[in-house]
Amino acid sequence: MKYIFVVGGVMSGVGKGVAVSSVAKILQSRGFRVTAIKIDPYLNVDAGTMNPTEHGEVFVLNDGTECDQDLGNYERFLNQDLPGLNYMTAGSIFQAVIAKERNLEYGGRCVEVVPHIPLEALEKIKKAGLDNKAEIVIVEIGGTVGEYQNILFLEAVRILKIKKPNDVLLVLVSFLPLQNLDSELKTKPTQYAVKTLNSAGLQPDIILARAATPLDKKRKEKIAFNCSLREEDIVSAPDVESIYEVPVNFEKDNLSDRILKKLKMRPRKSNMAEWRRLIRAIKNTPRPVNIGIVGKYFATGKFILTDSYISVIEAVKHAAFHFKRQPVIKWIEAEEFADKPNQLKQLSGYDGIIVPGGFGQRGTEGKIAAIGYCRKNKIPFLGLCYGMQLAVVEFSRSIVGFKEANSTEIYPKTPYPVIDILPEQKKNLKEKKYGATMRLGAYPAVLKKGTLAFRAYGKSSISERHRHRYEVNPDYVGQLEGKGIIFSGSSPDNRLMEIMELAQSVHPFFAATQFHPEFKSRPLNPHPLFREFIKAAIKNRES
Ligand code: GLN
């Protein structure tokens with residue numbers, strides 16, 4: 001097994017996740033079995049307990065692992081489902097070491113941060129590689145070189161490099177700032193990042209140079225000379241319109257050849273035809289489709305952060321590209337509808353509206369108002385998890401006549417708890433067991449023939465990923481159905497309602513899911529529900 005470690009320099013958010021996914025893609029395209037792993041330097045045991053406005057979306061794998069959004073990128077680029085072994089946090093590694101210590105697995109020796117934490121990380125990486133039957137394992141180390149948090153993982157790279165000098169490669173994703181359009185790309189911060197790596201006993205083998213523009217020869221020479229690398233090992237990684245172009249860009253600098261040569265692997269022929277077709281489709285999309293996302297995890301100080309909904313955004317893009325449309329996505333702050341209902345009119349300016357997942361009370365009345373507006377004005381609507389629960393609340397209030405209907409998450413004393421806690425979840429909340437205890441990961445569902453959902457999937461058995469504690473209250477299912485809700489998907493035992501929709505005779509596209517379809521959408525394989533939603537949005541736009 002060969003290992004490629006990827007670290008970030010200069011600043012966070014340089015696009016390490018996309019770089020790792022793209023390196024994985026180009027090697028996969030050359031016929032190698034590749035997998036990608038993320039190490040998050042946080043002490044949180046998993047990403048499930050982190051606030052999305054701080055850490056970004058919590059991505060969920062089939063096995064229920066709540067992880068960093070980068071795993072979503074890996075899955076989308078590799079077009080592969082990944083296991084929970086491919087994600088680890090510093091917290092989970094510490095936890096494993098301490099558990100071993102308690103079990104006397106260190107045989108009475110002193111257990112220390114070094115080497116035991118790096119060794120544990122390496123053991124987990126190897127296990128993940130074997131589990132994925134990978135020939136090449138790519139490991140992304142979160143954070144930026146020079147910060148305290150990820151030093152133990154740099155140490156892991158150093159240890160493995162000593163053990164397997166021919167099998168380990170270190171890639172630095174760095175950033176070259178451009179002060180203004182007339183100035184030159186600056187290489188000094190990258191030089192400092194390399195010096196920092198040097199002081200951890202490491203020398204990068206390849207530098208991926210992120211910058212607003214492609215790198216010229218002069219810049220490559222400068223970095224190569226100052227950082228003791230060869231010029232051909234400095235790879236230009238300029239900003240691109242679509243992240244899916246990055247693998248193709250890397251190959252312009254022959255990155256996969258460089259990597260294979262350094263890892264002493266025999267090159268195989270590259271086949272990127274399908275991916276190149278995708279890029280052509282992305283670039284050939286003059287006509288737009290306008291989608292509004294009504295959410296609440298956007299604001300961070302004065303900035304708007306869309307990372308909280310990254311998989312939803314990507315799923316919209318995949319579906320739009322499928323129809324050769326340019327996705328134009330706008331953020332709509334749910335709270336503004338609660339006190340200013342006349343703002344709802346703006347929703348008519350969109351071709352389709354999505355209400356994504358969420359937690360807690362803030363913003364819910366605004367989302368409910370937005371859903372009602374979409375229902376009455378026949379705007380294509382897709383609800384995801386909380387979006388489905390709130391659609392059921394809206395319907396109960398407006399159509400069934402349960403004026404104070406609500407989810408017990410929002411209003412525990414509601415006389416009409418149409419959304420209620422899953423029985424198996426009550427104990428968790430009472431005992432404050434919040435970590436990794438939701439209904440998580442892939443569950444099967446059965447679809448009803450003749451419904452919008454069935455037509456979208458084209459089959460009756462599906463499997464989708466979940467992350468929630470509440471559900472449609474079974475006591476109300478009959479009454480809701482009596483008034484026109486169609487529960488088109490349910491758990492095989494029919495206990496849990498998984499998809500709700502309205503008949504297409506009353507609304508062109510009104511569908512919502514208890515699960516998160518966005519986690520399974522892939523650029524080469526858009527999710528059927530997103531695809532049908534975008535189709536309806538395009539139709540709405542054109543009528
Ligand atoms: N808060 C809701 C629940 O826990 C929905 C969760 C979500 O949207 N992911 O059931």
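No experiment lies behind these values; they were computed from the predicted model shown. Every number for a ligand or one of its atoms is a count from 1 in the order of the listing.
- Of the protein's non-hydrogen atoms, Gly358 O, 3.3 Å is the one closest to atom 5 (C) of ligand 1.
- Among all protein heavy atoms, the one lying closest to atom 9 (N) of ligand 1 is Arg467 O, 2.9 Å.
- Selection from Cys385, Gly360, Ser407 by nearest heavy atom to atom 7 (C) of ligand 1 gives Cys385.
- Only the side chain of His516 comes within 4.0 Å of ligand 1, judged by heavy-atom distances.
- Put simply, no part of Glu471 is less than 4.0 Å from ligand 1, judged by heavy atoms.
- Cation-pi check for Arg325 over Phe321 is not met; the charged atom does not lie both under 6.0 angstrom from the ring centroid and within 45 degrees of its normal.
- Among all non-hydrogen protein atoms, the one lying nearest atom 4 (O) of ligand 1 is Arg469 N, 3.0 Å.
- Per-residue contacts place Gly357 under 4.0 angstrom from the following atoms of ligand 1 (heavy atoms of the residue considered): 8 (O).
- In summary, of the residues considered (Lys426, Glu424, Gln425), a side-chain contact (heavy atoms from CB on, under 4.5 Å) with Asn428 occurs for Gln425 alone.
- Protein heavy atom at the shortest distance from atom 10 (O) of ligand 1 is Tyr470 N, 2.9 Å.
- Those atoms of ligand 1 with a heavy atom of Glu409 less than 4.0 angstrom away are 1 (N), 2 (C), 3 (C), 4 (O).
- With salt bridges taken as basic N to acidic carboxylate O contacts below 4.0 Å, one links Lys100 and Glu123.
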Show your reasoning for whether ring pair (Phe, Tyr, Trp, His ring centres under 6.0 Å) applies to Phe77 and Tyr244.
CA-CA 8 Å; Phe77 277 70; Tyr244 300 114; 5.2 Å; yes
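- Checking only distances, Tyr386 does come within under 3.5 Å of ligand 1, N or O to N or O.
- Ring pair His55/Tyr42: centre-to-centre distance below 6.0 Å.
- Asp81 pairs with exactly one of Arg465, Arg76, Lys520 by the salt bridge (charged side-chain N to carboxylate O under 4.0 Å, His left out) rule, that one being Arg465.
- Residue contacts with ligand 1 for His468 involve both N, CA, C or O and side-chain atoms from C-beta outward (heavy atoms, distance under 4.0 Å).
- Aromatic pair His516/Tyr386: ring centres not closer than 6.0 Å.
- In this structure, the separation between CG on Leu71 and CZ on Phe59 is 7.0 Å, given to the nearest 0.5 Å.
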